[in-house]
A.B. asks: 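The structure is given below, and queries will be raised subsequently.
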Number of protein chains: 2
Amino acid sequence: MEVLSKPDGASVATTAAPDANRRGDIIRAAGRLFHQKGYNGTTIRDIADAVNMRSGSPFYHFKSKHEILFTVTTEGIEVMLRNLEMVIARQQPPRACFEACVITHMNYLLGPGRDFAWVMLYESRLLDPTERAVVHCMSARYEEVFSAVLDRLVASGDLRDASAIARKLILGAINWSAQWYDENGASDPQAIAQQLCALVLREKN
Amino acid sequence: MEVLSKPDGASVATTAAPDANRRGDIIRAAGRLFHQKGYNGTTIRDIADAVNMRSGSPFYHFKSKHEILFTVTTEGIEVMLRNLEMVIARQQPPRACFEACVITHMNYLLGPGRDFAWVMLYESRLLDPTERAVVHCMSARYEEVFSAVLDRLVASGDLRDASAIARKLILGAINWSAQWYDENGASDPQAIAQQLCALVLREKN
DNA sequence: CCTACCGATCGGTAGG
DNA sequence: CCTACCGATCGGTAGG
């Protein structure tokens, strides 16, 4: 790489990085900041600072602040949906399938996807109607797939009720964990997922 | 009242109202706006407009925008805690007590307290550390009282587990309902509360 | 509680 | 991707 032949390597490393994914840097930094301070509490200058740009430069990659929020949000929901479909493709028995879905959901929600999932759950409502409709559509798809997992649990006798309200309550218990989970605390995402399963599933016999 | 003797009654009615609780008007309007658009997405001018004041006037009642947020937040948690303690004072059996607590919680969360509870749940994190500590302390008190209700359920055999995680999961399922509840939808707060009870409690026999 | 206003900051843009 | 900047708007205040 030509970078190596430049006389001032250190300076190049921090200011140039020609082929690095600056767009990805921006959405990761924006996700973290939107999570910490909220969308409206975060300025373009905050985001630019976090990736060592000047305040005008994020607009070279995104046409508006809203577009950054939209990108962060869809990144979150897309990964969650992809993960869910991968787990279901394993074709496990109903109970094992549900447990795996919850573990996967929580691993992302409380782990690498913390910021993206948070923004999707709590900040996407600040998008304008058109963008919000897209996000809502993707969330509905997630719920639809999850719903089929619950239906199988009812069929196998592991769950009493898979109505729309029951589904919302279960997903609520899961998603709410992002509010109180402490990564330095005693329990990890998997342990929480298992507690959730024990709470809503019938006792095994 | 002297108001009645004024020649232009209509004008008086909209501009004077000398002894009305303007402070209460402000926090109600602020609650609704913070719920709709978020704390940072709501301006002092939005709030002032909503109660027919000019932009500088809210500062006659509150020393800062943060103080309005703090007041809205504590109003929410105080009412919820008071309601909870009133239900517990009825001294019902464990299962009936739990059901009554959940119904009361949801009636406020999805009904008259919609805005206050929402702001408490989702916007209070934007307070500065000192104010947030006060709110956190009140929330902890709520959880503590709720925890005792769960302990009795375990003792009576109606619930398998009342660990801290189980408690968080149950409260999460409840609180999350504010995200999806549709007041024009099919089910009312009480029906949702009963579904929650059916989901987490052992079957009666 | 209003009028009039302030300094700071915001999202976004033109031109390079 | 930076420099330099713009119009709009923000939270808050002084004086009445």
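The sequence lines fix the lettering, A, B, ..., with proteins before strands; numbering per chain opens at 1. Excluded from the calculations below are hydrogen atoms, water molecules and symmetry mates; all remaining heavy atoms, backbone and side chain alike, are included.
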A.B. asks: Whole angstrom is fine here: how far is it from CG in A:Asp49 over to C1' in C:dC10?
C.D. replies: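 Those two atoms, CG and C1', are 14 Å apart.
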A.B. asks: A:Glu67 has an atom CD; how far is it from atom P of C:dG12, in whole Å?
C.D. replies: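 That distance rounds to 10 Å.
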A.B. asks: Considering every strand shown, what is the Watson-Crick or G-U wobble mate of D:dT9 when both distances are under 3.5 Å?
C.D. replies: C:dA8
A.B. asks: Measure CD1/B:Ile44 against P/C:dA4 and give the value in whole Å, please.
C.D. replies: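 Spelled out: CD1 on B:Ile44 to P on C:dA4 is 20 Å.
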A.B. asks: Could you report the tightest heavy-atom contact between B:Asn107 and B:Pro189, atom names first, then the distance?
C.D. replies: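 The answer is OD1-CB, 3.5 Å.
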A.B. asks: Just checking, B:Lys65 and B:Tyr39: is the charged tip under 6.0 Å from the six-membered ring centre and within 45° of the axis?
C.D. replies: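 Yes, a cation-pi geometry.
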A.B. asks: Find the distance B:Phe59:CZ to C:dC5:C1' and express it as a whole number of Å.
C.D. replies: 14 Å
A.B. asks: Should D:dG15 form a Watson-Crick or G-U wobble pair with both distances under 3.5 Å, which nucleotide is its partner?
C.D. replies: C:dC2
A.B. asks: What's the CZ-C1' distance between A:Arg23 and D:dC1, to the nearest Å?
C.D. replies: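 It works out to 16 Å between those atoms.
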A.B. asks: Can you tell which of D:dC10, D:dC2, C:dG12 lies closest to the side chain of B:Thr43?
C.D. replies: D:dC10
A.B. asks: What class does the angle between the rings of B:Tyr142 and B:His105 fall in, given that below 30° is parallel, 30 to 60° is tilted and above 60° is perpendicular?
C.D. replies: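 Perpendicular: the ring planes of B:Tyr142 and B:His105 meet at over 60°.
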A.B. asks: Around atom NE2 of B:His136, are there more than 12 heavy atoms of other residues, nucleotides or ligands at under 6.0 Å?
C.D. replies: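 Counting neighbours around NE2 of B:His136, 12 or fewer heavy atoms of other residues, nucleotides or ligands fall under 6.0 Å, so no.
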A.B. asks: Quick one: which of C:dT3, D:dG12, C:dC1 gets closest to the side chain of B:Arg45?
C.D. replies: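 Among C:dT3, D:dG12, C:dC1, the one nearest the side chain of B:Arg45 is D:dG12.
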A.B. asks: Among A:Gln36, A:Arg32, A:His35, A:Arg28, whose side chain to side chain donor-acceptor pair (under 3.5 Å) with A:Asp115 holds?
C.D. replies: A:His35
A.B. asks: Taking the nucleotide of DNA chain C with the closest heavy atom to each, which residue, A:Gly56 or B:Met53, is nearer the 5' end?
C.D. replies: B:Met53
A.B. asks: How many whole angstroms separate atom CZ of B:Arg54 from atom P of C:dC1?
C.D. replies: 13 Å
A.B. asks: Return the value, rounded to whole Å, for the distance between atom CG of B:Asn40 and atom P of D:dC10.
C.D. replies: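 So the CG-P distance, B:Asn40 to D:dC10, works out to 12 Å.
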A.B. asks: Please tell me which of the listed nucleotides, C:dG12, D:dG11, D:dG12, lies nearest to the side chain of A:Ser64?
C.D. replies: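 So the side chain of A:Ser64 is nearest to C:dG12.
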A.B. asks: Provide, to the nearest angstrom, the distance between the CZ atom belonging to B:Phe62 and the C1' atom belonging to D:dT13.
C.D. replies: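 In whole Å, D:dT13 C1' and B:Phe62 CZ are 18 Å from each other.
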